[in-house]
**Student:** 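Please see the structure below; I have some questions.
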Amino acid sequence: MTADRYNARDAEPRWQKIWRERGIFRARNDDPRPKFFVMEMFPYPSGRIHIGHGRNYVMGDVLARYKRMRGFNVLHPMGWDAFGLPAENAAIERGIHPKEWTYQNIASMKEQLQLLGLSLDWDREIATCDPSYYAEQQRIFLDFLEAGLAYRKESEVNWDPVDNTVLANEQVIDGRGWRSGAVVERRKLSQWFLRITGFAQELLDAIDGLERWPDRVRLMQRNWIGRSEGLEVLFELSKASAKAAGSETLKVYTTRPDTLFGASFLALSADHPLAQTLARDNAALANFIAECKKGGTSAEIIETQEKQGYDTGLTVVHPLDPTQTLPVYVANFVLMDYGTGAIFGCPAHDQRDLDFARKYHLPVVPVVLPPDTDPGSFAIGDEAYDGEGTLFNSRFLDGMSIPDAKEAVARQLERFRIAEEPQAVRRVNFRLRDWGISRQRYWGCPIPVIHCAACGPVPVPRDQLPVKLPDDVTFDRPGNPLDRATAWRDVPCPKCGAPAHRETDTMDTFVDSSWYFLRYASDNTERPLDKGAVAHWLPVDQYIGGIEHAILHLLYSRFFTRALKACGRVDVTEPFAGLFTQGMIVHETYKDQAGRWLFPEEVKLLGNGKAVKVDTGEDVVVGPPEKMSKSKRNVVPPEVVADTYGVDCARWFMLSDTPPERDSEWTQAGIEGAWRFVQRVWRLVTEAVELGAPADAPAPAAFGKEATALRRASHGLAATVADDVERLRFNVAVAHVHEFANAFGQAIAAARAGGTGDGLDFALREAADILARVVGPMVPHLAEECWGVLGHDGLAAEAAWPEADPALLKRDTITLPIQINGRKRDDIEVPLSATPAEVEAAVLALESIQRALDGRPPKRIIVVPQRIVNVVA
RNA sequence: GCGGACGUGGCGAAAUCGGUAGACGCACGAGACUUAAAAUCUUGCGCCGCAAGGCGUGCGGGUUCGAGUCCCGCCGUCCGCACCA
């Protein structure tokens, strides 16, 4: 009677071997079935993974396996985001070559990932550091160059003067280099850019169509692109000023032309050409500008920085009132790379301008009157007013709404001319900047360009691609090793043959990940980016990854796909039709009395929130759940889970309880609960096989009450879990399986007590069969083992999803809750076909209702068919 | 500062449309089996109350026959952006 325990340690490697040998997860490009492309964001090969890394792969795997059972040709690939700084740090710190370090990590992480039993097509595995991958990336770069989508310009970098190296923003901590501790300077370097701004409007507009993306990601992208509509206004310099400045006009960008009559000054960025010109003969101004450029670009510094300005002595004429002039300042809060690098300040309606005006005693003239406010008493204190209102103090604009006033000013200024030019032009601006892809690093994709003194930057001829990274480099000195790799660097110019040198910048690793999903589509290494294959597989039906990539990676990928389309390389526009952002796995942290972090296996939990160290018994300080991280040691390696419980338990646990988009806590109790449930499924299936009908038994003509109830439950399970998985509501799917297991267990108990007549034997067998398939995507190894016990020859992984019989999903009676004054008081069972009048009559006949009404007639009865009845007493 | 999301038992949570609040699981209690333990099974478990009953989805209002769900105002937590004119 008692079944053997399910032995995961035996079963899991066995089934994984069979899946691998039969190649059942290989996707074929010529498969005629409908396609389904599911992928998770590929990992950075940092070394070892912990169980927390597994969550998104498992979620994608459930969907992949489910879709296969539904008859789809599924592409579920995996690869490695293999370029990047940590490999170079390892080289510096431990003397290991980045390539060696990376490929070692890939090997061990692949082994760990395979342990999870994921249904991946490893034949399409890619590593971005592989020359076969980045060769195509270099071709793409040349395509972009030819199309004008890649270009070079001067741009500021963080420069570490001690290490003589360029730092990434995250390597600048409190304005200092992370390794050297030296104060970071801003330096200008000539760098490569991709023209993402050319697609800003389209990237923004297309967000509306991303219906299967989380709203918040769409919102974040919209904000990041940051479209604003405004006016570029020419301010005429006063005569004396024009002479001093060497120009007649100053161009200013504003989104609030309506507030022009409230303007009290102009402000230039420290980087503005006019500011630079004036500083040549003005030491005080030069000093001020240098002062502005000090300090990092970090948010905290900028936030707390006081508004400061330098009065240039220049004045401009107010565009709408020639009798009025405004002073021109250079100010530390004006950005050069947004708009025109110059603004007009309207202190009454902009907080920054107000702060500035108060400091330099400039006029504060309110021109927008809040609704229901007395114009005589309205005054600006310490807070600018940026709300709705009506224009006043503004001559011909008085009485207008803000939008009307904007329009009126625009029309007026468009008509005015200064030196043949209209005084104002409507201009749309974006917060989004072009994407600087140059990195002064070794471990990245080389930019395929040769610099020649005579010819300038010359693309490497395509027949000479790829430009491979030289292996023979050293990391013993600061700076980019490629600069010192003279044998690699120094080459003749492809155009004129004169001595020249290679571009030593490599590409931002975000470039690598901006097209890897297109690479997966091709099963042909000769054609890594295959238009036909891309047309077949793309867009990705379901992309799964962390919220940390909500903006950059996803926006860059959307841009890249469009840019490739513009170059004629692909026909797809939007790469990811469905996006899901999963939560992290968190775990409690443990510290001993000396404050050292402890691994979970060093700790014994006492159940009351307290814990002790396993070996010494000393008290352990238990911290709140945090993201699993090596440094805090709150990690659980997948091997340990696989050895003690089996990976199916880990998979089940990761899918249970917590909605997949939220953070989920890994606990001992949780994994044990999963283990119990895995055993329970095994027991239910084996017991049902023992009690039930044989595999090939025909369905009886009629079923008894028990059998019908069980059949309703199992067919209902197939339908509801299908729906749950389609909607990625794995925790709900798990709950539904639990619910079914309870019903199944009761049916088995009933069969033991009362026999398996009236078709119960068939129903038991059918229930086991359905259960094995329904849990298959979630606990695939267990499902295979069950499938074997059920006597099937093939693999559960290749079985079809159980089709629910619609007749069994329909009920002929329904239980309606009965409310009195909105509070539930009773239930009533009525035929599904009952009319509202019949229901009403039945309800009024209920004893509980009669009692509640106490002889009085009800005021009202609301019958919502098949939902509820509410009696208003 | 601006924008957004969320707030339900001791805990993780569920509740397609405005229609039975707390499904399912964890933890805990009681019982059965066992020499014993584990496992398993049965059973209880929002709060107050002996009960009848009352209260209950962050707080305060509103709409409705009926509100976790919709509207208004607060409070709290988390996230994104942050001198973008």
**Student:** Using whole Å, report how far CD of A:Q221 lies from P of B:C81.
**Tutor:** 12 Å

**Student:** Could you list by number each residue of residues 738-748 of chain A showing a heavy-atom separation from RNA chain B of less than 4.0 Å, or answer none if no residue does?
**Tutor:** A:H738, A:E739, A:N742

**Student:** Which is true for A:V334 with a 4.0 Å heavy-atom rule: it touches a base, it touches only sugar-phosphate, or it touches nothing?
**Tutor:** base

**Student:** Need one value for A:D215: base, sugar-phosphate or nothing, where a base atom within 4.0 Å counts as base even if backbone is also close, heavy atoms only.
**Tutor:**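 Answer is nothing: A:D215 stays at 4.0 Å or more from every strand.
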
**Student:** So what does A:R216 touch, heavy atoms closer than 4.0 Å: a base, only the sugar-phosphate, or nothing?
**Tutor:** sugar-phosphate

**Student:** Please produce a list of atom pairs where a protein N or O lies less than 3.5 Å from an N or O of nucleotides 44-49 of chain B.
**Tutor:**
none

**Student:** Round to a whole Å and report the spacing from CG of A:L219 to P of B:G80.
**Tutor:**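 Atom-to-atom, A:L219 to B:G80, this comes out as 13 Å.
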
**Student:** Over how many whole Å does the gap from A:L260 atom CG to B:A85 atom P extend?
**Tutor:** 16 Å

**Student:** Taking the P atom of each, how far is B:G12 from B:A23, in whole Å?
**Tutor:**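 So the two P atoms sit 15 Å from each other.
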
**Student:** Side chains of A:T581 and A:M41, heavy atoms from C-beta outward: is any pair under 4.5 Å?
**Tutor:**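 In short, these two side chains do not touch, never coming nearer than 4.5 Å.
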
**Student:** Just jot down the salt bridge (Lys or Arg N to Asp or Glu O under 4.0 Å) partners of A:R727, sequence neighbours excluded, or say none.
**Tutor:** A:D723

**Student:** Which one, B:A21, B:A82, B:A85, comes nearest to the side chain of A:K824?
**Tutor:**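 Of all the options, the side chain of A:K824 is nearest to B:A21.
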
**Student:** Between B:G46 and B:U42, how many Å separate the two C1' atoms, rounded to a whole number?
**Tutor:**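 Nearest-Å result for B:G46 against B:U42 at atom C1': 23 Å.
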
**Student:** Represent RNA chain B in dot-bracket notation, 5' to 3'. Only Watson-Crick or G-U wobble pairs with both distances under 3.5 Å count; pseudoknot-style crossings use [ ] and interstrand partners use |.
**Tutor:** (((((((..(((......[....))).(((((.......))))).(((....)))..(((((..]....))))))))))))....

**Student:** Restricting to nitrogen or oxygen on both sides, can you table the protein-nucleotides 61-65 of chain B pairs closer than 3.5 Å?
**Tutor:**
| residue | atom | partner | partner atom | Å |
| --- | --- | --- | --- | --- |
| B:C65 | OP1 | A:R860 | NH1 | 3.2 |
| B:C65 | O2' | A:N870 | ND2 | 3.2 |
| B:C65 | O2 | A:N870 | ND2 | 2.6 |

**Student:** Report the residues that fulfil side-chain hydrogen bond (donor to acceptor under 3.5 Å, both in side chains) with A:D353, sequence neighbours left out, ordered by chain and then residue number.
**Tutor:**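 Partners of A:D353 under the side-chain hydrogen bond (donor to acceptor under 3.5 Å, both in side chains) test: none.
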
**Student:** Spell out protein contact along nucleotides 7-12 of chain B as letters: B when the base is contacted, S when just the sugar-phosphate is, - when no protein heavy atom is under 4.0 Å; keep the 5' to 3' order.
**Tutor:** -----B

**Student:** Measure CZ/A:F265 against P/B:A85 and give the value in whole Å, please.
**Tutor:**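 Whole-Å distance recorded here is 15 Å.
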
**Student:** Please state how far atom CZ in A:R222 lies from atom P in B:G3, giving the value in whole angstrom units.
**Tutor:**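 A:R222 atom CZ is separated from B:G3 atom P by 16 Å.
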
**Student:** Does A:K859 have any side-chain hydrogen bond (donor to acceptor under 3.5 Å, both in side chains) partners at least two apart in sequence or in another chain, and if so, which?
**Tutor:** none

**Student:** The criterion is ring-ring contact (aromatic ring centres under 6.0 Å, His included); which residues satisfy it with A:F580, sequence neighbours excluded?
**Tutor:**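 A:F580 satisfies ring-ring contact (aromatic ring centres under 6.0 Å, His included) with no other residue.
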
**Student:** Not counting sequence neighbours, which residues clear side-chain hydrogen bond (donor to acceptor under 3.5 Å, both in side chains) with A:N223? List them please.
**Tutor:**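 By the side-chain hydrogen bond (donor to acceptor under 3.5 Å, both in side chains) rule, A:N223 matches no residue at all.
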
**Student:** Describe the nucleic acid contact of A:R227 in one word from base, sugar-phosphate, nothing, applying a heavy-atom distance below 4.0 Å.
**Tutor:** nothing

**Student:** Taking CD from A:Q668 and P from B:G25, how many angstroms apart are they, rounded to a whole number?
**Tutor:**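 Going from CD in A:Q668 over to P in B:G25 covers 20 Å.
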
**Student:** State, with a plain yes or no, whether a side-chain heavy atom of A:T813 is found less than 4.5 Å away from one of A:L832.
**Tutor:**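 Of all side-chain heavy-atom pairs linking A:L832 with A:T813, none is under 4.5 Å.
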
**Student:** Residues in side-chain contact (heavy atoms from CB on, under 4.5 Å) with A:S394, at least two apart?
**Tutor:** A:F261, A:V367, A:L391, A:L397, A:D398

**Student:** Can you find a donor-acceptor N/O pair under 3.5 angstrom joining the side chain of A:R867 to the base of B:U20?
**Tutor:**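 When only heavy-atom distances are counted, A:R867 does not reach the base of B:U20 through any donor-acceptor pair under 3.5 Å.
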
**Student:** Give me the distance, rounded to whole Å, that separates B:U77 from B:U40 when you measure between the C1' atoms they each carry.
**Tutor:**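 Per the computed distance, 42 Å lies between those C1' atoms.
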
**Student:** Tell me: CG of A:D355 to P of B:G1, nearest whole Å?
**Tutor:** 13 Å

**Student:** Kindly indicate whether the side chain of A:H349, heavy atoms from C-beta on, has any atom under 4.5 Å from the side chain of A:D386.
**Tutor:**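 No, too far: nothing below the 4.5 Å cut-off.
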
**Student:** Remember a base hit wins even if backbone is also touched, and classify A:S228 as base, sugar-phosphate or nothing at under 4.0 Å, heavy atoms.
**Tutor:** sugar-phosphate

**Student:** Carefully, step by step, assess A:F265 and A:F356 under the rule ring-ring contact (aromatic ring centres under 6.0 Å, His included).
**Tutor:** CA-CA 10 Å; A:F265 64 96; A:F356 191 82; 4.9 Å; yes

**Student:** Between protein and nucleic acid, restricted to nucleotides 51-58 of chain B and to nitrogen or oxygen atoms under 3.5 Å apart, what atom pairs and distances do you find?
**Tutor:**
none

**Student:** If you count every heavy atom of other residues, nucleotides or ligands that lies below 6.0 Å from A:R216 atom CZ, does the total exceed 12?
**Tutor:**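 For A:R216, atom CZ is not crowded (no more than 12 foreign heavy atoms under 6.0 Å).
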
**Student:** To the side chain of A:I343, which of B:C81, B:U20, B:A85 is closest?
**Tutor:**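 Nearest to the side-chain atoms of A:I343, counting from C-beta on, is B:A85.
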
**Student:** Report the glycosidic orientation of B:C33: syn if within 90° of 0, anti in every other case.
**Tutor:**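 Classified anti.
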
**Student:** Applying a 4.0 Å non-hydrogen cut-off, can you work out what A:R433 is touching in the nucleic acid: base, sugar-phosphate, or nothing?
**Tutor:**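 A:R433: base contact, heavy atoms under 4.0 Å.
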
**Student:** Does the separation of the ring centres of A:F193 and A:W435 fall below 6.0 angstrom?
**Tutor:**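 No: the rings miss the under 6.0 Å criterion.
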
**Student:** If the P atom of B:G10 is compared with that of B:G58, how far apart are they to the nearest Å?
**Tutor:**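 My reading of the P atoms in B:G10 and B:G58 gives 13 Å.
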
**Student:** Rounded to whole Å, please give me the gap between CZ in A:R680 and C1' in B:G25.
**Tutor:** 11 Å

